[in-house]
Amino acid sequence: MSENKIPYKIYLEENELPTAWYNVRADMKNKPAPLLNPGTHEPMKAEELAPVFCEELIKQELDNDTAYFPIPEEILNFYKMYRPSPLIRAYFLEKKLGTPAKIYYKFEGNNTSGSHKLNSAIAQAYYAKKQGLKGVTTETGAGQWGTALSMACSYFDLDCKVYMVKVSYEQKPFRREVMRTYGASVTPSPSETTNIGRKILADHPGTTGSLGCAISEAVEVATSLEGYRYVLGSVLNQVLLHQSVIGLETKAALDKYGIMPDIIIGCAGGGSNLGGLMSPFMGEKLRGEADYRIIAVEPASCPSFTRGTYAYDFCDTGMVCPLAKMYTLGSGFIPSANHAGGLRYHGMSSILSQLYDDGLMEAVSVPQTAVFEAAEEFARVEGILPAPESSHAIRVAIDEALKCKETGEEKTIVFGLTGTGYFDMVAYEQFHDGTMTDYIPTDEELAESISKLPKF
Ligand SMILES: *Cc1c(COP(=O)(O)O)cnc(C)c1O
């Protein structure tokens, strides 16, 4: 197809939308390691997970073999309200950089939650409703997941209790209000409402919280209330499965115009957007049909892949969740205040961890101010104000495009623009005022928290 026939925004037709999620585990030779029971160290069985998670989601979590899961019609219909999301050629950014590279981004910020998280929130709420539950509990860091889940729960008329990391709760009152608009209750974490919250507060007075703390609280509430389960917005296999809709749409849009990407880039917090974006491409790679460079971008302040250890660890601070094998900084690691709240988790998806360990993908970490430089450069030419999380991917997309400028290579780069940054203006303000810092943990700090990994 000639270059000038490729539109600025590639939208799929409704009948081209994916009707099944793709499970990349089916094509992995080395499967991700199973979740372990923290007491017995045996793989968690479905019955053991049932008090915490919804039944259907447990099946998806444990299934390493089924390649495609049909998307239920109710979820497909909901997707149609805001999907397909556009795949946009960043012509203006390319021009500004003077690069021969072709840059595309898949934009997931076109819904009220402002991020890709709604893709999994609606699926999880659907299965909770189908099971006849009253409601769900969850944690939220930056607030995107809590917002997405609140939207999904109000759609299916489910109660939604959100534990929001205290620092975000205080910094982002408007996110909290969006959640309440959708009927969710929002509690700053750690809180006095749970045993684990009281314990964490006693041990660390004045703490501003972390995702790991908030998860422990949300799990405690879910397991102590009749008719409630806990849901999680990233990290888990089921979440990557739902997010595969991003990658499937991207691949269909590229295929439609005969475009072959060379490099696929995504920011990585718990791994859900990157896992979803890269999954059909990784599938081809695993089956030996094509090859791509796939790059995870993480903040230098919370570098799970680039400075973490691949080991079994707790998913939460309270150590109530199953053990997961992943690249981790230790469940006690509390990253310094970094504005990319969605990238502050101490661990990483088991699927991505295994793929990274097998050398099938790369990872880089980037400091915060360099990320905001990229965010601003992008915002000024592409007309979207990006989320700080997404801007990690922009940073590396720009860096790769600038390498092409040096070598003259016309590489095709695809990155995930996971969301918008309207609720993150305090971070932008600090960047503009020059008060943003680039704290990077020392080797000693990381060694200290990694030394506390469970040993067995
Ligand atoms: C949550 C979030 C992320 C990071 O989470 P992943 O699970 O790694 O995708 C990235 N971008 C935005 C906008 C988010 O809300």
Side-chain angles (χ1 to χ4, degrees), residues 85 105-121 124 138-151 162 164-165 168 172 175 178-179 211 214-215 231-247 264-279 294-299 302-305 315 326-327 335 338-353 355-356 361 363 365-366 371 375 378 384-396 415-424 427:
S85 69
Y105 56 94
K106 179 74 168 162
F107 180 48
E108 291 291 321
N110 269 335
N111 67 78
T112 297
S113 81
S115 82
H116 66 289
K117 299 240 172 39
L118 193 55
N119 300 331
S120 183
Q124 298 196 41
T138 198
E139 78 297 327
T140 197
Q144 288 96 321
W145 167 246
T147 311
L149 189 70
S150 307
M151 291 173 72
V162 180
M164 185 169 186
V165 177
S168 303
K172 300 188 182 184
R175 271 237 178 260
V178 181
M179 289 184 250
L211 271 179
I215 293 174
V231 294
L232 180 59
S234 183
V235 186
L236 295 176
N237 298 338
Q238 57 189 266
V239 184
L240 269 73
L241 176 71
H242 306 147
Q243 295 296 357
S244 69
V245 68
I246 305 173
I264 295 158
I265 300 169
C267 62
S272 75
N273 85 83
L274 175 61
L277 172 66
M278 62 97 207
S279 65
I294 297 172
I295 310 177
V297 189
E298 55 187 17
C302 191
S304 323
F305 268 140
C315 297
M326 54 188 177
Y327 274 85
N338 177 302
H339 298 291
L343 304 181
R344 298 184 69 200
Y345 188 61
H346 65 274
M348 188 54 73
S349 139
S350 292
I351 296 176
L352 293 193
S353 294
L355 292 168
Y356 179 67
M361 50 182 278
S365 74
V366 287
V371 166
F378 180 87
I384 293 173
L385 187 110
E389 292 88 348
S390 322
S391 305
H392 288 68
I394 300 177
R395 173 73 272 159
V396 172
F415 74 87
L417 190 71
T418 49
T420 48
Y422 304 122
F423 290 109
D424 300 290

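First listed ligand is number 1; within each ligand, the first listed atom is number 1. The figures here come from the full heavy-atom set of this structure, side chains too, leaving out hydrogens, waters and symmetry mates. Bear in mind that the values here come from a model prediction, so they are computed numbers and not experimental data. One is the number of the first residue; the rest follow in order along the sequence.
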- [ ] Kindly write out the residues that satisfy salt bridge (charged side-chain N to carboxylate O under 4.0 Å, His left out) with R175, not counting sequence neighbours, or none if the list is empty.
- [x] none
TODO: Report the residues that fulfil salt bridge (charged side-chain N to carboxylate O under 4.0 Å, His left out) with E108, sequence neighbours left out, ordered by chain and then residue number.
DONE: R83
Could you go through ligand 1 and note, for every N or O atom, any protein N or O atom closer than 3.5 angstrom, writing the atom names and distance to 0.1 Å, or 'none'?
unit_1	atom_1	unit_2	atom_2	d
ligand 1	7 (O)	S234	OG	2.5
ligand 1	7 (O)	G271	N	3.4
ligand 1	7 (O)	S272	N	2.8
ligand 1	7 (O)	S272	OG	2.7
ligand 1	8 (O)	G269	N	2.7
ligand 1	8 (O)	G270	N	3.1
ligand 1	8 (O)	G271	N	2.9
ligand 1	9 (O)	H116	NE2	3.2
ligand 1	9 (O)	S272	OG	3.2
ligand 1	9 (O)	N273	N	2.8
ligand 1	9 (O)	N273	ND2	2.7
ligand 1	11 (N)	T418	OG1	2.7
ligand 1	15 (O)	K117	NZ	2.6
ligand 1	15 (O)	Q144	NE2	3.4

Open item on the list: Ignoring hydrogens, what is the shortest heavy-atom contact between S304 and Y327? Give both atom names and the distance.
Closed with: O-CB, 3.6 Å
- [ ] With side chain to side chain contact (heavy atoms under 4.5 Å, CB included) as the test, would you mind laying out the steps for F415 and S390 before giving the verdict?
- [x] CA-CA 9 Å; F415 74 87; S390 322; over 6 Å; no
Open item on the list: Testing the basics here: between S272 and L240, what is the closest heavy-atom pair and its distance to 0.1 Å?
Closed with: CA-CD1, 3.8 Å
Open item on the list: Checking S115 now: which residues fulfil side chain to side chain contact (heavy atoms under 4.5 Å, CB included) with it, not counting sequence neighbours?
Closed with: S113, K117, Q144
